[in-house]
Number of protein chains: 2
Amino acid sequence: MISVAIVEDLEDIRNPLFEFISTREEFICNIAVESVEDFLKAADKNDFPVDVILLDIGLPGISGLNAIKLIKEKLPDVNIIMLTVFDDSDKIFGAIQAGAVGYLMKNTPLEKIKQAIIDTYNGGTTLSPEVARKLLNFFEKPKSKIESQLTEKEKQIVACMVDGQSFKMIAANLGNTLETIKSHAKNIYRKLHVNSKAEVIAKSFRGEI
Amino acid sequence: MISVAIVEDLEDIRNPLFEFISTREEFICNIAVESVEDFLKAADKNDFPVDVILLDIGLPGISGLNAIKLIKEKLPDVNIIMLTVFDDSDKIFGAIQAGAVGYLMKNTPLEKIKQAIIDTYNGGTTLSPEVARKLLNFFEKPKSKIESQLTEKEKQIVACMVDGQSFKMIAANLGNTLETIKSHAKNIYRKLHVNSKAEVIAKSFRGEI
DNA sequence: TTCACAATCCCACCTTTGGGGGATTAGGTT
DNA sequence: AACCTAATCCCCCAAAGGTGGGATTGTGAA
């Protein structure tokens, strides 16, 4: 019997999923929670080892993406299948690199989800067709970088931000005043549609710049 | 209606496959041949554009693997699904790099092959679970051995920081006060020898946490 | 039983950052 | 000439972040 956990904030999705899985004789579902925080708590109390986790990628609070690393530290051998409504390739690659082994759209028929859990448990993996094609495309030809809309100077400043430098340090390093760097930062935020240095750094590391 | 071609030397496999596909109303099969050479000849004479090819990877003469390149020169937009009896990762990667978009074991049930053809035609792809897992393992980051000195709670907060969240947002998401998060942040900075959120995010993305 | 430490919260004070205005200069386009 | 943009700098003010102190509770190890 395969022990399955569900981490999904929307009741309309979590409840039918729980209903389905807990009534299959192949599965047992001791954990069906709405957040990563709740899952980590539940996993501590649970006697059954968790075999497979169905994890929403877009959870509020700790996102499913960041949760993978946290969960794998606690449960290194668990198989994580990501659930998503979007076909978001950035998140797909993030999830894969973090160690997820499956990636399904939420509208996947229940019978296919069942098969995916079984395949995953047996060391296979299930990707929705769109996700699989994205992976193959990655291999076929090195991805063409999206031409950044940032100017040369702005890219330099982003690079300094990514190093963890304060505006003051950036100004010193690039030979400008603090005000100049602040001014550039404002323009960078506008172009990237963000409003903090933290978001710029995150975007940069995700390859979105 | 999807035009499907079959290139497979073994009659025991080719004939049932042809029987199945040509009797589905979704498909038409004008080409069911035993070699790549025959396929290329048939493709010239055929009026129907070929949409999907089921191609044996281990053909005598020109192998399926080498055939991909040849076929794609003549029919650049065709979708090639490889058929194999072996779970041979070298051949898998070769086929993918050459431009195949699907990879199925020959013992795959006919209904799944049907679905794979439809998915492939619609821009998706189908990999058998074992093949998919191999691909994912290729992408997965080797996990760092450095045991994090951060507590569970602290790791959660770092995960939120990495998402670009403000302390206020983190407090709301984790159900704490702002002061609690600030207090944890202080401890995180001390443990990681940094003094800003930006540095924590940078460290995290570099896998140094 | 002490002791350490994680987790929770609070206050005060200061620095950094973000958003809203500007301005000037230099370089190109139309 | 009129216009745009990049790059440089300035001011002000509010929001967010960082630092240095606390306090309390609970758990688990020495």
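Hydrogens, waters and symmetry mates are skipped; everything else that's a heavy atom, side chains included, is used. These figures come from a predicted structure and were not determined experimentally.
Using a 4.0 Å cut-off, no side-chain N or O of A:Lys153 falls inside it from OP1 or OP2 of D:dA6. Close to D:dG18, at under 4.0 Å from its OP1 or OP2, lies no side-chain N or O of B:Asn195. The shortest distance between the side-chain N/O atoms of A:Thr151 and the OP1/OP2 oxygens of D:dT5 is not below 4.0 Å. The phosphate of C:dG19 has neither OP1 nor OP2 within less than 4.0 Å of any side-chain N or O from A:Tyr189. Phosphate contact (OP1/OP2 of C:dA7, side-chain N/O of B:Thr180, threshold under 4.0 Å): absent. For the OP1/OP2 pair of D:dA6 and a distance below 4.0 Å, the side-chain nitrogens and oxygens of A:His184 include no atom meeting the criterion. Taking 4.0 angstrom as the limit, B:Asn176 places a side-chain polar atom (N or O) nearer than this to OP1 or OP2 of C:dC9.
Side-chain contact annotation: B:Glu154 with B:Asn187, donor-acceptor N/O pair under 3.5 Å absent. Using modelled atom types and a 3.5 Å distance limit, the side chains of A:Thr180 and A:Ser183 yield no donor-acceptor pair.
For the pair A:Glu179 CD and C:dG19 P, the interatomic distance rounds to 14 Å; values are reported in whole Å. Between the CD1 atom of B:Ile157 and the P atom of C:dC9 there is a distance of 11 Å, rounded to whole Å. Rounded to an integer number of Å, the gap from CD of B:Glu199 to P of C:dT16 is 13 Å. Rounded to an integer number of Å, the gap from B:Asn187 CG to D:dG21 C1' is 13 Å. Straight-line distance from the CG atom of A:Leu178 to the P atom of D:dC11: 11 Å, rounded to whole Å. Atom NZ in B:Lys168 sits about 14 Å away from atom P in D:dA14, given to the nearest Å. In this entry the distance linking NZ of A:Lys197 with C1' of C:dT15 reads 12 Å, nearest Å. To the nearest angstrom, P of D:dA15 lies 21 Å from CD1 of B:Ile181.
Under the 4.0 Å criterion applied to side-chain N and carboxylate O atoms, A:Lys106 and A:Asp56 are assigned as salt-bridge partners.
In the interface, the side chain of A:Lys182 is paired with the base of C:dG18 through a donor and an acceptor atom under 3.5 Å apart. Evaluation of atom-type donor-acceptor distances gives no pair under 3.5 Å for the side chain of A:Thr177 against the base of D:dC9. Put simply, the side chain of B:Lys186 and the base of D:dG20 share a donor and an acceptor less than 3.5 Å apart.
Counting only heavy atoms from C-beta on, A:Ser196 has its side chain closest to C:dG18 among C:dC11, D:dG18, C:dG18. Comparing C:dA7, D:dG17, C:dG19 by their nearest atom to the side chain of B:Ser166 picks out D:dG17. Taking only side-chain atoms of A:Phe167, from C-beta outward, the nucleotide of C:dT17, D:dG18, C:dA7 with the closest atom is C:dT17.
Minimum heavy-atom separation, B:Met82 to B:Ile80: SD-CG2, 3.7 Å. Smallest separation of non-hydrogen atoms from B:Asn30 and B:Ser3: OD1-OG, 4.5 Å.
Applying the 6.0 Å contact sphere to NZ of B:Lys112 captures no more than 12 heavy atoms from other residues, nucleotides or ligands.
Between A:Arg190 and B:Ala185, the one whose closest nucleotide on DNA chain D sits nearer the 5' end is A:Arg190.
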